[in-house]
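Taking it in order: structure first as C-alpha cells, then the write-up.
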Amino acid sequence: MKTDGQTYSDLKAALDEWADSYIRRDIRRLLSCIAPDDDVVMYGTGADEKRMGLNAIRTQAERDWAQTDASAFVLKAPAISSSGTVAWASADLSFAVEAGGQKTAFPGRFTGVFEKRAGKWLVVQAHFSLPAAQGEDESVPG
C-alpha cells in the first residue's frame, strides 16, 4: 500500500540522511539512522556482508571507508509504502566509488524496512544488491 505524502516525505528525508552520513563518513550520524536492536540486519553486496546489530554494521561501514577514498550510494525515486509505524522502501540506486585513484560507478538495488520510534524513522532491515550478469529476457546468469 502506498503511503501518504507526509510519511513519504519523512521517510525520504530519513533515507537522504542515512545516505549523506555514509558519503560524509560520519559513523555517529550513520548509526543514529539505524535501530539499536540486536536483530537489526543489513545485507551488503559481498558474500560475507550480512551484518546484525549496530557493532557489526559499524564494522562494515568502517571497512567500506578503509578500502575507498570516497564512496556513495544514491537512491533513485524510492517507492515507499507504510502501515502505522512500519514502512518499507525499494529503489534502484547508483554506487559511486573512488579507490586507488580510480572512479567507478555501477548500478544496484535497495530494499529496506523502517520503524518509526519516538518520531524518527529508523532502519530495521536493509538489503543492497547488484544485478546479476545475465542477458535480457534470461532468468538465470549464463
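Below, all heavy atoms of this structure are taken into account, side chains as well, without hydrogens, waters or symmetry copies. The structure presented is a predicted model; accordingly, all values stated were derived computationally and were not measured.
- Of all non-hydrogen atoms in Ser21 and Trp65, the two that sit nearest each other are O-CZ2, 4.2 Å.
- One finds the OG1 atom of Thr7 at 9.5 Å from the CD1 atom of Ile80 (value rounded to the nearest 0.5 Å).
- Residues Arg109 and Ser90 form no side-chain contact, since every pair of their non-hydrogen atoms from C-beta on lies 4.5 Å or further apart.
- Looking at Arg58 and Ile27, their side chains come closer than 4.5 Å, going by heavy atoms from C-beta outward.
- In this structure, Gln125 and Val41 have side chains that are in contact, with non-hydrogen atoms separated by less than 4.5 Å.
- There is no path of hydrophobic side-chain contacts, each under 4.5 Å, that joins Phe73 to Leu122.
- In this structure, Asp38 places its CG atom where only 12 or fewer heavy-atom neighbours from other residues, nucleotides or ligands lie under 6.0 Å away.
- In this structure, OG1 on Thr3 lies 14.5 Å from NZ on Lys12, to the nearest 0.5 angstrom.
- At a threshold of 4.5 Å between non-hydrogen side-chain atoms, the residues Met52 and Asp39 count as touching.
- Sparse packing is recorded around OH of Tyr43, with 12 or fewer heavy atoms of other residues, nucleotides or ligands lying under 6.0 Å away.
- Between Val97 and Phe106 there is a side-chain heavy-atom pair separated by less than 4.5 Å.
- Looking at Lys120, Arg24, Arg29 one by one, the single match for salt bridge (Lys or Arg N to Asp or Glu O under 4.0 Å) with Glu17 turns out to be Arg29.
- When all heavy atoms of Asp69 and Ala99 are compared, the closest pair comes out as OD2-CA, 3.6 Å.
- Note that the OH atom of Tyr22 and the CG atom of Asp64 stand 3.5 Å from one another [nearest 0.5 Å].
- For the atom pair Ile34 CD1 and Trp18 CH2, the distance stands at 6.0 Å (nearest 0.5 Å).
- Between Gly108 and Leu130, the shortest heavy-atom contact is CA-CD2, 4.3 Å.
- In plain terms, the two heavy atoms of Ala61 and Leu30 that are nearest each other are CB-CD2, 3.7 Å.
- Atom CG of Leu15 is separated from atom CG of Leu75 by 5.5 Å, given to the nearest 0.5 angstrom.
- Taking the side chain as every heavy atom from C-beta outward, Pro36 and Arg117 approach each other to under 4.5 Å.
- Using a 4.5 Å heavy-atom threshold, the side chains of Glu115 and Val40 count as separate.
- Note that OG of Ser83 is 5.5 Å distant from CH2 of Trp88, once rounded to the nearest 0.5 Å.
- Closest heavy-atom contact between Ala126 and Phe110: CB-CE1, 3.9 Å.
- When all heavy atoms of Ala35 and Val124 are compared, the closest pair comes out as CB-CG1, 3.7 Å.
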